[in-house]
There are 2 protein chains.
Amino acid sequence: MTVTKGDECRCRILEAARKLFYQKGFSATSINDVAEEAGVLKGNLSYYYPSKSELLESATAAREAEVQAMIAEWSALEGSLFEIMDQVLSSFEADADNIVAYGCDIGTLTNELGKGDGELQRQPRQIFELIQTWLTERFATRFSKAVAREHAEHLLVMTQGAAVLAHAYRDPKLLQRQCKLIRTWLREVCE
Amino acid sequence: MTVTKGDECRCRILEAARKLFYQKGFSATSINDVAEEAGVLKGNLSYYYPSKSELLESATAAREAEVQAMIAEWSALEGSLFEIMDQVLSSFEADADNIVAYGCDIGTLTNELGKGDGELQRQPRQIFELIQTWLTERFATRFSKAVAREHAEHLLVMTQGAAVLAHAYRDPKLLQRQCKLIRTWLREVCE
DNA sequence: GTCTATAAGAAGATAGAC
DNA sequence: GTCTATCTTCTTATAGAC
């Protein structure tokens, strides 16, 4: 028996925290909210995650692991540079419903935590860096390091901006329109 | 005597709230924080702003008024379409220090409030709409309504994205680089 | 490992003296 | 208009029974 009852409970709490931190924001979510969502009692939650910030760390680490897995899939993609970037953009668009309803999870978390002391912001920022590093490496197969960096940064900027506005207006069409423009830009750049 | 002591106090509270809601976020700011920052007592604050959400409404309305004043200045700008947009972008860049430290005020507020019931988000979203409407009208002096709308939206998207990333990395250079790219885009589009 | 109980403090909001 | 005092609720966190 590799998965104990404790592991299962710990996992439920973590998933509840991830969901609520994303959908309500970190400050606006109480550990009581998390306990209710997970179906455990507050005291029990504290056994697994003694403090709210540790719960945040674990939630962010879980998201980082997901992103790393996604990046691994991207690395296995085949085709031209444009075709690969096109598919990467598609994996962003696939999350449109959530983005419209709650914003980009990494972007909104970075925004919220960035208002604090700055230390809490480090972890979500690393997720951005993971993605940007991968994008830069890919662009570098075609361009100089400097140009590759610029392209990667600009691609990230456009997707984040599209997420902010789509969430502000709660408009999935906006996200589609902007992704179309990003594709046009990608095509110009890659060809 | 047009400015009573009460007005002055009300104003101090409002400015304190605006500062803290921006720098710490709405949820993370207590009305006690606001009272301390304004140098008034909590009970006195409640006399002027009975609830936290009313304080938020007033703070957002004050920001909206500022934006409207800024737009009025933009409307007085002279020169080619590119030159005007170039100056508009400059007024965004002028706030670089704050954007790097705390993000775009409208963007981060919209993000945070958008996680809630959606009703609170309406007010800051209107500020985006104000700006976008003005941009669209300007672009419409040269392009069809549909194209003008697209350009306005894309310009807003790129500035918001640049703000998110610059704040995430706390990097003023990133903002500069992206504004340069936006200018290149503006030049291509306008000429 | 699980749950109850509760501490200790901060939150938003209010009543009423001056 | 200003300030003190207080109420209630919610928050995080902990102690300890089972």
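Throughout, protein chains are lettered first and strands after them, A, B, ... in sequence-line order, and every chain is numbered starting at 1. Values reported hereafter were calculated over all heavy atoms of this structure, with side chains retained and with hydrogens, waters and symmetry mates removed.
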Between A:F21 and A:F26, what is the ring plane arrangement, given parallel below 30°, perpendicular above 60°, and tilted in between?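 Geometry flag for A:F26 against A:F21: perpendicular rings.
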Look at the rings of A:W74 and A:W134 and say which category their plane angle falls in: under 30° parallel, 30 to 60° tilted, over 60° perpendicular.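 Tilted, since the angle between the ring planes falls between 30° and 60°.
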Determine whether B:E112 and A:K115 satisfy the following criterion, salt bridge (charged side-chain N to carboxylate O under 4.0 Å, His left out), listing intermediate values before the conclusion. CA-CA 12 Å; B:E112 181 178 358; A:K115 303 231 178 215; over 6 Å; no
Under a 4.5 Å cut-off applied to non-hydrogen side-chain atoms, are A:L174 and A:Q178 in contact?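 Of all side-chain heavy-atom pairs linking A:Q178 with A:L174, at least one is under 4.5 Å.
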For the pair made of [atom1] in [X] and [atom2] in [N], what is the distance, rounded to whole Å?
X     : N      : atom1 : atom2 : answer
B:K52 : C:dA11 : NZ    : P     : 9 Å
A:L55 : D:dT11 : CG    : P     : 15 Å
A:E36 : D:dT12 : CD    : P     : 12 Å
A:D7  : C:dT2  : CG    : C1'   : 15 Å
A:E54 : D:dT14 : CD    : C1'   : 14 Å

Would you mind checking if [Y] and [X] are paired as a salt bridge, meaning a charged N to carboxylate O distance below 4.0 Å?
X      : Y      : result
A:E37  : A:K24  : no
B:R12  : B:E8   : yes
B:R149 : B:E153 : no
B:E93  : B:R183 : yes

Given protein heavy atoms under 4.0 Å, the one-letter contact record of nucleotides 3-8 of chain D, with B base, S sugar-phosphate only and - none, is simply BB----
Check B:F139 against B:C190 and note the closest heavy-atom contact, atom names and distance.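 Scanning both residues completely, I find the closest heavy atoms to be CE2-SG, 4.4 Å.
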Please report the shortest heavy-atom distance between A:A59 and A:R18, naming the atom on each side.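 Shortest heavy-atom separation between A:A59 and A:R18 comes out as CB-CG, 3.7 Å.
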Does the side chain of B:D33 pick up a donor-acceptor pair with the side chain of B:S30 at under 3.5 Å?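 Checked: B:D33/B:S30 side chains pair up, N/O donor to acceptor below 3.5 Å.
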Residues of residues 15-32 of chain A with any non-hydrogen atom less than 4.0 angstrom from an atom of DNA chain D: list those, numerically ordered, please.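 Contacts with DNA chain D under 4.0 Å: A:T29, A:S30, A:I31.
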Nearest to the side chain of A:S46 - D:dT14, C:dT2, D:dA13?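 Out of D:dT14, C:dT2, D:dA13, the nucleotide with an atom closest to A:S46's side chain is D:dT14.
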Counting runs of three or more consecutive pairs, Watson-Crick or G-U wobble, with each distance below 3.5 Å, where are the stems of DNA chain D?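 Stem segments, range with range: C:1-10 with D:9-18, C:12-18 with D:1-7.
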